[in-house]
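Scroll down for the structure; my scribbles are underneath it.
Numbered from 1 within each chain, the chains take letters A, B, ... in sequence-line order. When reading the values below, keep in mind they use all heavy atoms of this one structure, side chains included, and skip hydrogens, waters and symmetry mates.
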Number of protein chains: 2
Amino acid sequence: MLTSSQQQLLRVISQSGPLSRTDLATSMGLSKAAMSGIARDLISLGVLHETETIYGQGRPSILLDLHPEGAFFVGISLLEDPAAMVLSDFNGSIVARQTMPRSRDPDVIAELIAETLPKLLAEREDAVRKLYGIGIALSGFVDEKQANCVQSTLLGWKDVPLASIVRQKTGIDTFIENDAKAVAVSEKLFGSTRDVQNFSVVSFDDGIGCAHFVGGKLYRGNHGGAGEIAHCTIEPNGSPCRCGKRGCLDTVASMKAIKEMAKAEGLACSSLDDLENEASLGNAAAIRILHRAGNALGLAIAHLIQFNDPGMILITHVEGRFDGLFGTVMRQAAEANVLPRYAGQTPIRNQRVDGDVWARGAASIAAHNFLIGPSPN
Amino acid sequence: MLTSSQQQLLRVISQSGPLSRTDLATSMGLSKAAMSGIARDLISLGVLHETETIYGQGRPSILLDLHPEGAFFVGISLLEDPAAMVLSDFNGSIVARQTMPRSRDPDVIAELIAETLPKLLAEREDAVRKLYGIGIALSGFVDEKQANCVQSTLLGWKDVPLASIVRQKTGIDTFIENDAKAVAVSEKLFGSTRDVQNFSVVSFDDGIGCAHFVGGKLYRGNHGGAGEIAHCTIEPNGSPCRCGKRGCLDTVASMKAIKEMAKAEGLACSSLDDLENEASLGNAAAIRILHRAGNALGLAIAHLIQFNDPGMILITHVEGRFDGLFGTVMRQAAEANVLPRYAGQTPIRNQRVDGDVWARGAASIAAHNFLIGPSPN
DNA sequence: GTTGATTTGTTCATTTTATGAACTTATTGT
DNA sequence: ACAATAAGTTCATAAAATGAACAAATCAAC
């Protein structure tokens with residue numbers, strides 16, 4: 001679709017933000033002459049456009065940036081019921097949305113997508129010509145081509161080639177991805193980790209997910225399982241987990257676990273904020289639960305830092321504030337369990353996200369394939 | 001030095017082993033015509049040569065492989081005293097060796113290298129013209145250019161630009177690297193992980209080191225600290241570690257820790273094999289120590305698998321056999337602490353290495369830079 | 001104001017790199 | 001012997017990138 005130089009240019013801009021042609025040339029290791037042509041082509045394709053003019057000594061430079069309306073992507077989240085379907089522009093802004101019933105039958109899903117797509121696109125006529133891909137986020141393991149779902153407990157799938165089924169029904173390039181990995185990709189393309197080459201995103205919700213970027217690219221692992229920190233043993237001989245082992249991070253630090261522990265203690269808390277309130281009022285059980293959960297998540301993050309030395313840890317969460325007891329304990333535990341001379345070297349940020357995370361993440365998978373493409377050799 | 005296509009070809013061969021021109025062309029996404037020329041150039045450079053002829057239907061194909069004597073590299077280990085210096089061919093075979101006194105002064109080291117180099121090369125006259133680089137392995141942190149030692153406790157260094165000092169004195173391209181990372185690179189280039197894209201090497205010795213390969217490339221981490229698993233907290237509130245925290249893997253599972261625990265228990269064991277013998281004779285203290293150490297290392301490896309989903313874990317060790325109690329417990333702990341459906345999916349191999357590991361690893365760093373080069377964008 | 005310095009970005013002839021199609025070479029199978 | 005088959009080469013051509021010269025747009029200084 002695009003030449004490799006064109007893709008490289010888009011990749012650099014998506015990582016560094018707007019740049020002049022000259023800066024692009026040097027950062028891509030090409031001549032100004034070559035850049036001139038590549039930029040011209042992408043501008044006439046409508047993917048790139050000139051933005052700000054920077055005045056300095058000499059002729060002013062004109063910054064080039066991705067044209068927000070230069071490419072559109074559809075994102076579908078199979079994590080919710082009904083399934084969310086959004087249309088995203090090149091900035092990750094959602095410009096249209098629809099929902100569709102969630103099914104477990106791949107053919108039915110493809111059919112539903114094909115039916116809902118025209119409704120979605122009807123809201124933005126201009127996007128039809130510039131629709132470059134569909135991304136689907138789901139809970140489960142996905143192969144390295146982002147085409148087959150190797151296994152999904154939630155959907156009851158094993159080796160389902162969803163991407164090609166949808167591609168065939170809609171005629172549009174389709175890619176699927178694990179939920180946490182999709183969130184990481186959207187943060188890399190549209191969020192706060194644009195210019196970070198190596199980082200991990202921890203998605204904190206009912207479950208705990210995680211995904212790594214290494215060298216500016218999503219690292220999926222040999223079986224697509226990189227980042228599955230939820231089932232690392234964090235409390236040896238701890239509580240039994242639904243996975244079959246004991247003391248998994250998931251049994252202590254996920255929202256689901258926190259709520260269950262609260263319930264077991266007889267606390268009427270339905271959210272993290274409720275529990276934080278109780279704790280701030282001095283409720284010993286609430287404090288104990290938040291301490292335990294925060295320590296567990298902090299230790300896992302410390303391992304992450306110690307093992308992989310990322311440039312940033314980003315925790316995304318739908319619920320709750322992260323400036324209470326839980327967040328504080330978590331950060332302290334993370335700092336206390338890394339090599340002292342490392343402590344404070346790796347920024348740990350948290351970011352509240354809205355209910356569109358999964359669908360936006362799904363769309364970003366399609367954008368990622370458009371911008372970065374499949375791994376070269 | 002080499003064009004990017006030439007480098008890519010060498011990289012592919014070093015990963016896949018000998019290939020025909022046609023196979024190379026398809027696996028590199030080039031035409032047969034282009035391959036023909038690239039191969040011709042590399043053969044006349046002496047880097048590549050024709051080996052086996054494969055007969056099938058049609059004209060037989062001729063496999064191309066790296067010419068063992070097509071390129072030579074010098075490896076220097078600053079981990080031992082005296083420091084080891086070896087000359088390695090393109091297969092990782094050591095064809096000459098020297099030693100030199102170990103110094104802590106970078107200028108003295110460079111001087112010593114410059115003095116010893118001619119003696120080393122005198123043993124292999126033909127290597128002089130084909131010496132493509134020097135690699136130096138040391139204990140410490142190295143920057144991403146593999147040029148500056150950011151910090152080394154052992155050598156008492158902070159921000160020492162050793163590579164450029166040596167380069168200036170010798171006139172030869174020089175790169176430095178952390179010890180464990182150097183070992184991982186030598187396994188990737190010359191050892192048993194040639195065709196594995198994602199793996200981690202755990203070097204088990206007096207200390208415990210680790211390094212990751214991701215996507216066929218060494219992943220160094222944002223501060224060069226990826227793989228520093230020795231100081232991950234494995235026994236919360238465990239024994240104090242020299243790093244300042246408690247319960248680090250290093251305090252329980254390193255050879256140094258094992259020997260110290262044995263001594264504390266009054267056992268006269270000076271090696272892992274001694275301790276294994278005691279354990280097999282029923283000595284409760286020996287059994288306890290090996291259990292504790294094996295469990296700790298196994299748990300750390302389980303985390304490694306769970307976090308990064310590598311295609312292989314390779315444990316290199318100078319001392320001991322790994323088929324005794326320690327190895328068994330370690331493997332069981334590793335399997336027991338990963339998501340059950342993962343268990344057994346990630347091969348955990350161990351490999352006994354000789355005293356040349358560090359120097360050979362150092363040489364492989366130079367080879368790696370020749371073959372793979374610095375990270376492209 | 002005018003002039004010079006400075007830097008961006010374009011143009012174009014040239015070089016480098018890769019391609020497609022035709023061809024040669026070396027083998028197996030019949 | 002003769003087709004069938006596949007590897008590897010050759011060569012004219014196309015595609016991609018370069019270097020050098022140049023046009024354009026500004027600042028700074030007098």
**Message:** The test is side chain to side chain contact (heavy atoms under 4.5 Å, CB included); show your working for B/Lys188 and B/Lys217 and say whether it passes.
**Reply:** CA-CA 9 Å; B/Lys188 173 68 180 167; B/Lys217 288 171 66 172; over 6 Å; no

**Request:** Could you tell me which residues satisfy side-chain hydrogen bond (donor to acceptor under 3.5 Å, both in side chains) with A/Ser200, sequence neighbours excluded, listed by chain and number?
**Result:**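 Listed in chain order: A/His212.
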
**Request:** Report yes if a donor N or O on one partner sits less than 3.5 Å from an acceptor N or O on the other, where the partners are the side chain of A/Arg59 and the base of C/dT7; otherwise report no.
**Result:**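 No.
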
Once you round it to whole Å, what is the distance between [atom2] of [N] and [atom1] of [X]?
X: A/Ile62; N: D/dA23; atom1: CD1; atom2: P; answer: 18 Å
X: A/Leu30; N: D/dA16; atom1: CG; atom2: C1'; answer: 10 Å
X: A/Leu19; N: C/dT8; atom1: CG; atom2: C1'; answer: 14 Å
X: B/Leu64; N: D/dA7; atom1: CG; atom2: P; answer: 13 Å
X: A/Arg21; N: D/dA25; atom1: CZ; atom2: C1'; answer: 14 Å
X: B/Tyr55; N: C/dA26; atom1: OH; atom2: C1'; answer: 9 Å
X: A/Glu52; N: C/dT8; atom1: CD; atom2: C1'; answer: 16 Å
X: A/Gln6; N: D/dA15; atom1: CD; atom2: P; answer: 14 Å

**Asked** C/dT8 phosphate, OP1 or OP2: any side-chain N/O from A/Ser61 under 4.0 angstrom?
**Response**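 Checking C/dT8 against A/Ser61, no side-chain N or O comes under 4.0 Å of OP1 or OP2.
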
**Prompt:** At under 4.0 Å, does any side-chain N or O of A/Ser20 touch on OP1 or OP2 of C/dT8?
**Reply:**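 So the side-chain polar atoms of A/Ser20 never come under 4.0 Å of the phosphate oxygens OP1 or OP2 of C/dT8.
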
**Request:** Indicate whether the side chain of A/Asn308 and that of B/Asn308 have a donor and an acceptor atom separated by less than 3.5 Å.
**Result:**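 Short answer, yes.
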
**Message:** Within the structure provided, determine whether A/Thr193 and A/Arg349 are in side-chain contact (heavy-atom separation under 4.5 Å).
**Reply:**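 Counting from C-beta outward, A/Thr193 and A/Arg349 never come under 4.5 Å.
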
**Message:** Would you say that A/Glu177 contacts A/His368 through its side chain, given a criterion of any heavy-atom pair below 4.5 Å between the two side chains?
**Reply:**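 SC-SC contact between A/Glu177 and A/His368 ruled out.
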
**Message:** Counting only heavy atoms not in B/Arg194 (residues, nucleotides, ligands), do more than 12 fall under 6.0 Å from its CZ?
**Reply:**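 Atom CZ in B/Arg194 is crowded, with more than 12 foreign heavy atoms closer than 6.0 Å.
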
**Request:** Identify, between A/Ser4 and A/Gln57, the residue whose nearest nucleotide on DNA chain D lies closer to the 5' end.
**Result:**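 The answer here is A/Ser4.
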
Nearest to the side chain of [X], heavy atoms from C-beta on, is which of [options]?
X: A/Thr22; options: D/dG8, C/dA26, C/dT8; value: C/dT8
X: A/Lys32; options: D/dA17, D/dA7, C/dG9; value: C/dG9
X: A/Thr3; options: C/dA18, D/dT18, D/dA16; value: D/dA16

**Asked** Base, sugar-phosphate, or nothing for A/Ser31, non-hydrogen atoms under 4.0 angstrom?
**Response**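 Base contact - A/Ser31 has a heavy atom under 4.0 Å of at least one base atom.
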
**Prompt:** Does the cation-pi check pass for A/Arg167 over A/Phe175, that is, NZ or CZ under 6.0 Å from the six-membered ring centre and within 45° of its axis?
**Reply:**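 Relative to the ring axis of A/Phe175, which defines the angle, A/Arg167 lies inside both limits.
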
**Item:** For DNA chain C, the residues among residues 33-49 of chain A that have a non-hydrogen atom under 4.0 Å from it
**Value:**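 DNA chain C contact set from residues 33-49 of chain A: A/Ala33, A/Ser36, A/Arg40.
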
